[in-house]
Asker: 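Dumping the structure here so I can ask a few things about it.
A, B, ... follow the sequence lines: proteins, then strands. Residue 1 opens every chain.
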Amino acid sequence: MIPKQSLVKIHDWLWEIPKSYRHDMRVPARVWTSEKMLEDILGDRSLEQAVNVTTLPGIAKAALVMPDVHEGYGFPIGGVAAMRWPDGVISPGGIGYDINCGVRLLKSELSFNDVAAHLSSLARELYHEVPSGVGRGGTIRLNIIELDRVLKDGVGWAIKHGYGEDQDARYLESSGALADADPSAVSEHAKNRGRDQLGTMGAGNHFVEVDKVTQIFDSSTAKTFGLWQNQIVILIHCGSRGLGHQVATDYIRLMQKIMPRYHISLPDRELACTPLSSLEGKNYFNAMAAAANFAWANRQLITHEIRNSWRKEFGASASQLSILYDVAHNIAKIEEHIIDDKPQKLIMHRKGATRAFGPGHPEVIEEYRAVGQPVIIPGSMGTASYVLAGTKQAMKESFGSSCHGAGRRMSRHAAKRAVQGGALRDQLAKQGIHIQTGSLSGLAEEAPLAYKNIDDVVDVVSKAGLAKKVARLEPLVVVKG
Amino acid sequence: MPHQILPHTADVRLLVENETVEGLFIEALQGMTEIMKPIEEINARPASRRISLKAADSTALLVDFLNEVLSMTEINHETYTDIVWQHFSERRLTVKLIGRSVAGFAKNIKAATYHEADIRKNPKGNFETVIIFDI
């Protein structure tokens, strides 16, 4: 563990582990946190892992750590690292196994009063319509040719096949498809793992949640995003399923074997990497992009399933669910940022961190460009979630990045020792939250007490200026695998 | 204790120990299967799959082996309970996995990671390593 005295306080919300802390660090590590939350962060190996990230060849400025950080494997979860393009490295461990795990927020035109009497049946309907759980495939089984089209076109494939509206793609980060995707860089194993998983949520901390907007912090930005008090919205959290897991597995295995060829030596094998400009680096980037496209198509099919449930519950004439935005929080992208007063192309790694581009950025769609990109931050099950907006300060300080959630603070075993799934479900029901889950044990693992307080996490990014608060959401229905 | 779950904030940290390296592989397979908790299928069919791998050292071979088993598990909806060794050395193995089809699993394992994995002899003279599973 890293002792607190090794950190330098820059201001109330930012701390630094200087480059001098360990001989192999190439840059410092910077941690956005409050002093109170720092005590928790120092309790696991998150910051040791962040220090390991600073040793990666080509890393620029600093390894960054968000306030929802927790121990992972290789990179910490809640980590951001920028490598110089094109010769800096790309590290599959810096994206993680669930490539393009992310969050999408759907907006309804109904208020709480319109849906209050429907919540219980809506929960059952969503659980029935959106396949979840481990080893449960969806209703679509793709042949390899069709799967390759999904990997290439992402959400475009889904919309072309009737799983969405033409305008949906516009409201997704990168329009729901990365152009570099190359299905031929994805192994047969990965394709076979994913071919029956499109439109499925999976298990663990993935969910579909019906929320109510309970607080508006910035009425002008909320209006731009189409959010209003008491509005019903729906959050989707899932990723690229087994296909993405296998892409990461394949390339971490490959890269750790061939690193010596590039004279790379690292403190942790899980950080395995090669220069992006190498054949293996390019192949991984293209395979990762394909898996990211699969994840966007997956959230699109889940959106389609949710729209079906919505129509069944509220009738065919019920108003449509539209997309506010969809953010990736495990991904690598080539982006331009200012370093030493000069624009530089960088290989951005975000693992458990959300892109938070500020006002005026050309990659933010025109409708939102004046206020910044929507940043969707889900809380733990049964607690609040937030919609924030990216800022110009985030562009300067965090490569346009923010936190991605509440962040775990307790192991799954400890959570299960602390609370039983059935008791938790009853307790949440008393708070008016309808739970549908395939696993009470899994429910206990995701108990709110196992996570940091989302209000504290969001307060840090807000006070540090990385994102501004727009709206607070509270859950009414939680559907989990 | 042949295998044991140790604390980890988000994932699963498994400690495995055995008198032989081959035994360590079996122990790790059993530990991983316990974490996943297979859900039995009525009229399960017997399953057999062949795995052949090469790696830089025995630690990488173990992690690669567990990941290959995970792939087989998810692709074929099967669980594996036994190993028939056809070849085993420090950097290479060929095995036949023996198991059965399942209805599903209670827990999803995304991957076995190399983080903290390091096969060493412990003070008792047994082989030991930690494996962190991303779940």
Asker: Does atom CD (A:E39) have a neighbourhood of more than 12 heavy atoms from anything else shown, all under 6.0 Å?
Answerer: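 Atom CD in A:E39 is packed in, count exceeds 12.
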Asker: Please classify the contact of B:D57 with chain A as side chain, backbone, both or neither, using a heavy-atom distance under 4.5 Å.
Answerer: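 Contact with chain A involves the side chain of B:D57 alone.
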Asker: So does A:R141 have more than 12 non-hydrogen atoms from other groups sitting under 6.0 Å from CZ?
Answerer: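 Check passes, neighbour count above 12.
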Asker: Given heavy-atom pairs under 4.5 angstrom as the criterion, report whether the side chain, backbone, both or neither of A:N192 touches chain B.
Answerer: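 Both backbone and side chain.
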Asker: Return the option, out of A:R409, A:M410, A:R408, with the maximum number of heavy-atom pairs under 4.5 Å with chain B.
Answerer: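 Most pairs with chain B among the choices: A:R408.
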Asker: Could you have a look at B:A55, B:A112, B:A56, B:S71 and say which one has the most heavy-atom pairs with chain A under 4.5 angstrom?
Answerer: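 It is B:S71.
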Asker: What distance do B:I39 atom CD1 and A:S439 atom OG have between them, rounded to the nearest 0.5 Å?
Answerer: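 With rounding to 0.5 Å, CD1 (B:I39) is 8.5 Å from OG (A:S439).
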Asker: Could you grab the distance from atom CG of B:L70 to atom CZ of A:R193, nearest 0.5 Å is fine?
Answerer: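 The distance works out to 6.0 Å.
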Asker: For B:D11 and A:Y73, which I'm curious about, is there any donor-acceptor pair between the side chains at under 3.5 Å?
Answerer: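 Checked: B:D11/A:Y73 side chains show no N/O donor-acceptor pair below 3.5 Å.
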Asker: Which one of A:A203, A:A248, A:G74 has the most heavy-atom pairs closer than 4.5 Å to chain B?
Answerer: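 Ranked by heavy-atom pairs under 4.5 Å with chain B, first place is A:G74.
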Asker: Could you measure the distance from the NE2 atom of A:H70 to the OG1 atom of B:T9? Nearest 0.5 Å is fine.
Answerer: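 One gets 7.5 Å once the value is rounded to the nearest 0.5 Å.
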Asker: Tell me, side chain or backbone of A:R195 under 4.5 Å from chain B's heavy atoms, or both, or neither?
Answerer: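 Nothing of A:R195, per the 4.5 Å heavy-atom cut-off to chain B.
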Asker: For residues A:H189 and B:E68, report the shortest heavy-atom separation together with the two atoms involved.
Answerer: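 Heavy atoms of A:H189 and B:E68 come nearest at NE2-OE2, 2.8 Å.
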Asker: Against chain B, label A:H413 side chain, backbone, both or neither, depending on which of its atoms sit under 4.5 Å from a heavy atom there.
Answerer: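 Contact with chain B: side chain only.
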Asker: Highest number of heavy-atom pairs under 4.5 Å with chain A: which of B:I135, B:D64, B:V102, B:I132?
Answerer: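 Most heavy-atom pairs under 4.5 Å with chain A: B:D64.
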Asker: Answer with side chain, backbone, both or neither: which region of B:M72 has an atom nearer than 4.5 Å to a non-hydrogen atom of chain A?
Answerer: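 B:M72 touches chain A through side-chain heavy atoms alone.
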Asker: Grab the two heavy atoms, one from A:R412 and one from B:A10, that are nearest each other, plus how far apart they are.
Answerer: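 In terms of heavy atoms, the two residues are closest at NE-O, 2.6 Å.
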Asker: What is the distance from atom OH of A:Y97 to atom CG of B:N67, rounded to the nearest 0.5 Å?
Answerer: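 The distance works out to 6.0 Å.
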Asker: Can a side-chain donor-acceptor contact be found between A:Q246 and B:E74 if the only test is distance below 3.5 angstrom?
Answerer: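 Result is no, nothing qualifies.
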Asker: Would you indicate whether the side-chain heavy atoms of B:H77 and A:D196 approach each other to under 4.5 Å?
Answerer: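 In short, these two side chains touch, coming nearer than 4.5 Å.
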Asker: In Å and rounded to the nearest 0.5 Å, what is the NZ to OG distance from B:K107 to A:S441?
Answerer: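 Separation between the atoms: 5.5 Å.
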Asker: Counting only non-hydrogen atoms closer than 4.5 Å, does B:L53 touch chain A with its backbone (N, CA, C, O), its side chain (CB onward), both, or neither?
Answerer: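 The side chain, not the backbone.
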Asker: Just by modelled atom types, is the B:Y114 backbone N or O under 3.5 Å from a matching donor or acceptor in the A:E270 side chain?
Answerer: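 Side chain of A:E270 to backbone of B:Y114: a pair is present.
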Asker: With a 4.0 Å cut-off on N to O distance, would you call B:E116 and A:R269 a salt bridge?
Answerer: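 No, B:E116 and A:R269 are not salt-bridged.
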Asker: Please round to the nearest 0.5 Å and tell me the distance separating atom SG of A:C101 and atom NZ of B:K110.
Answerer: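 NZ of B:K110 is found 6.0 Å from SG of A:C101.
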